[in-house]
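Have a look at the structure below, then the notes.
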There are 2 protein chains.
Amino acid sequence: MTDPLSDRPAYRQVADRLRAPIESGEWPAGHKLPSESELMEQFSVSRVTVRLAVGALRAEGLILTRQGRGSFVRDRAANRRVSSTRYQHDARYAAGRVAEPATGFGNSPEDRNRLECSFREQRANQQVADFLGLQVGEPVLERHYVHYVDERPERISTSYLPMELVKDTPVADPANEPWPGGTVAQLASLGQPVTRVIESVRARMPTPDESTTLRLSAGVPVLVVTRRMLTGADRDHPVEAAVDIVLPADRVVLDYVVDLAD
Amino acid sequence: MTDPLSDRPAYRQVADRLRAPIESGEWPAGHKLPSESELMEQFSVSRVTVRLAVGALRAEGLILTRQGRGSFVRDRAANRRVSSTRYQHDARYAAGRVAEPATGFGNSPEDRNRLECSFREQRANQQVADFLGLQVGEPVLERHYVHYVDERPERISTSYLPMELVKDTPVADPANEPWPGGTVAQLASLGQPVTRVIESVRARMPTPDESTTLRLSAGVPVLVVTRRMLTGADRDHPVEAAVDIVLPADRVVLDYVVDLAD
DNA sequence: CAGTGGTCTAGACCACGCT
DNA sequence: GCGTGGTCTAGACCACTGT
């Protein structure tokens, strides 16, 4: 039953009573919630009220609903770690100092990875021009990737390289993807050893397109990384800009190692 | 009008037709959407259908609704940048090599910052023990913070220090907060200069409590950072663990600088 | 087939914000 | 007072999942 005297709306009271056993762990991941008809009877409310409550929990990312089956407690443990140390590792690989590249953005074995990519020549927009130190309209190579791990899409990204740098080189040929050692190794092959990577991390709800591509359930945000790669002894010459690396937040953790030495 | 022949449900069609002018920029941040009655008439659908459409846009973080006023396009530009370089800066400050500390987690002028904190002695749980290299149950100092910038709550965090390290020191006294130079400077004052910081970044939807404290509107995720601070020449001796630094994703961007030098 | 969630209608009353 | 969104009801039909 709900308390009609409370100023807390009925649907919130129902949501609260369902949230408690989820957050306490009493209902573990995969546990089936009572059906909507059971909840209607249990709390003496209409179907619309029940659905408002269930919808709230779904928007919080606590449950997922499947037509014809029911509502279930979602597994919220993100398990793929993506570490900033992969850049250092790939730089050492490109310099011939280690035998194996870092195993992709996902640090997962090669045989579980798959990459879809499409390249095209494009003219720099304002943001890309700012990042690469170019004028708006200068030619750049736009590279669009969808990265799969175990047949699950785990990353959408769009990256830009100055056309002047890559024209008529193996880097501009999508047939050479996936390139061992990634973008860091590609730039090294062009005589541009990366000396600094700057990543900016944001989070937001996915667009419907992203939600479809990444197969996200309701209530799951995306991590959005923008990346700049720089070369030179002063680490200030931009050579690559990845403006949107979109990652599913229910599966990915980003690790950053910051060393203090002066 | 909606197309009843389409297999796309009516509420999605309405949502699509409202999303287009928002994403194209035709309706800029702050623009008022048509009222629910107007949408009912315009698309010849019931109120419930209109509210499903509006609710979907709200869950995507595109709009916010205010009772008695209407629905408005939300401003999605996050503007506070939090950079990993603040740790290096604070280390130099603690070593007396620069005159001013980094201006807080938010890198914003001191006079716009305010800190609420509460300290208490606690026994390490499994996660804290793992992070600090202690046994479960060993005493730790638990520090809970809420950080405001311009009177807006911008960060909730819980941090742990080994009790053995801080007992009867100025660091254990909340009256000394905010401490110039932050945790890095506090540890330096204890003879524990931090040599490495490891941050793990996740994103998820907020709990109702977090949503209230951070004054989040619907459809806004939180960035969740867990941090470990390490000392020693081998950068492997843990001295601090911040298990949950919760940041509003509509206002904060995290910047990380990764230098490659070998 | 029965049970589940997904969509949709018509109608009602309330709380809030502005004039 | 009036228009706004917030909450709630009773009832209907559909699509999907399992037996």
Side-chain angles (χ1 to χ4, degrees), chain A residues 1-18 27 30-60 62-74 208 211-212 215 217-219, chain B residues 1-18 27 30-60 62-74 208 211-212 215 217-219:
Chain A
M1 286 288 292
T2 59
D3 172 11
L5 301 178
S6 162
D7 40 0
R8 196 159 180 78
Y11 82 93
R12 283 186 192 276
Q13 294 182 44
V14 174
D16 292 344
R17 300 268 291 270
L18 297 173
W27 292 350
H31 180 94
K32 186 179 180 306
L33 271 66
S35 75
E36 293 183 355
S37 356
E38 286 168 334
L39 292 172
M40 286 169 69
E41 192 175 357
Q42 183 177 340
F43 292 100
S44 304
V45 291
S46 74
R47 176 125 184 257
V48 171
T49 303
V50 165
R51 284 185 63 79
L52 278 173
V54 170
L57 297 177
R58 196 171 31 182
E60 288 170 35
L62 294 179
I63 65 170
L64 52 84
T65 56
R66 285 190 281 189
Q67 191 173 6
R69 300 233 261 150
S71 297
F72 303 85
V73 177
R74 213 163 62 68
S211 196
T212 305
R215 296 183 216 154
S217 51
Chain B
M1 285 289 294
T2 59
D3 173 11
L5 300 177
S6 162
D7 37 359
R8 195 158 181 77
Y11 82 93
R12 282 186 193 275
Q13 294 182 43
V14 175
D16 292 345
R17 300 268 291 270
L18 297 173
W27 292 350
H31 180 93
K32 185 178 181 305
L33 271 67
S35 75
E36 293 183 353
S37 353
E38 286 169 333
L39 292 173
M40 286 169 69
E41 192 175 357
Q42 183 177 341
F43 292 101
S44 304
V45 292
S46 74
R47 175 122 186 260
V48 172
T49 304
V50 165
R51 286 184 62 78
L52 278 172
V54 169
L57 297 177
R58 197 172 30 183
E60 289 171 35
L62 294 179
I63 65 170
L64 52 84
T65 56
R66 285 189 281 188
Q67 192 172 7
R69 301 234 263 148
S71 297
F72 303 85
V73 177
R74 213 163 60 71
S211 196
T212 304
R215 296 184 217 154
S217 52

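Because the structure is predicted, anything quoted here is derived from the model rather than measured. We use all heavy atoms of the structure for the numbers below, so side chains are in, but hydrogens, waters and symmetry mates are not.
In this structure, B/V45 reaches the sugar-phosphate backbone alone: every heavy-atom distance under 4.0 Å involves primed, P, OP1 or OP2 atoms, never a base. Heavy atoms of A/R8 sit nowhere under 4.0 angstrom from any nucleic acid atom. Among the protein residues, B/S46 comes within range of the nucleic acid bases, having at least one heavy atom under 4.0 Å from a base atom. Residue A/R47 is in base contact, counting any heavy-atom pair closer than 4.0 Å across all strands shown.
Rounded to whole Å, the distance from CD on B/Q13 to P on C/dT7 is 12 Å. Remark: P of D/dG3 and CG of B/L39 are 17 Å apart, rounded to the nearest angstrom. The CG-P distance, from A/L52 to C/dG5, rounds to 15 Å in whole Å. A/E36 has its CD atom 15 Å from the P atom of C/dC8, to the nearest Å. One can place CG of A/L57 at 15 Å from C1' of C/dG5, the figure rounded to the nearest angstrom. Summarising the geometry, the separation between CG on A/D3 and P on D/dT7 is reported as 16 Å, rounded to the nearest angstrom. Rounded to whole Å, atom C1' of C/dG5 lies 12 Å from atom OH of B/Y11. The interatomic distance linking B/L64 (CG) with C/dC16 (C1') rounds to 16 Å, in whole Å.
Between B/S217 atom OG and B/I63 atom CD1 the span is 10.5 Å, to the nearest 0.5 Å. Taking CZ of A/R8 as the start and OG1 of A/T2 as the end, the distance is 12.5 Å to the nearest 0.5 Å. Interatomic distance, B/R51 CZ to B/T49 OG1, rounded to the nearest 0.5 Å: 12.0 Å.
Nearest to the side chain of A/V48, among C/dC8, D/dT9, C/dG6, sits D/dT9. For A/P9, the side-chain atoms get nearest to D/dC8 when compared with the rest of C/dG17, D/dT17, D/dC8. With D/dT4, C/dG6, D/dC8 as the candidates, the nucleotide lying closest to the side chain of A/Q67 is C/dG6. Listed candidates were C/dT4, D/dG6, C/dT7. Nearest to the side chain of B/R12 is C/dT7. Listed nucleotides: D/dT4, C/dG5, C/dT9. Nearest to the side chain of A/R51: C/dG5.
The shortest side-chain heavy-atom distance between B/L39 and B/L18 falls under the 4.5 Å cut-off. For the pair B/E60 and A/S211, the minimum side-chain heavy-atom distance is 4.5 Å or more.
B/R58 has a side-chain polar atom (N or O) that falls below the 4.0 Å cut-off from OP1 or OP2 of D/dG6. Dashed line: the shortest gap from a side-chain N or O of A/R69 to OP1 or OP2 of D/dG18 is under 4.0 Å. Here A/T49 does not reach the OP1 or OP2 of D/dT7: none of its side-chain N or O atoms lies under 4.0 Å away. Applying the 4.0 Å criterion to OP1 and OP2 of D/dT4, one finds that B/S71 has every side-chain N and O outside that range.
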Could you walk me through whether A/Q13 and A/V45 satisfy the side chain to side chain contact (heavy atoms under 4.5 Å, CB included) test, starting with their C-alpha distance in whole Å, then the side-chain angles of each, then the deciding distance to 0.1 Å, before giving a yes or no?
CA-CA 11 Å; A/Q13 294 182 44; A/V45 291; over 6 Å; no
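For the pair A/T65 and B/G68, nearest-nucleotide mapping onto DNA chain C gives the more 5' position to A/T65.
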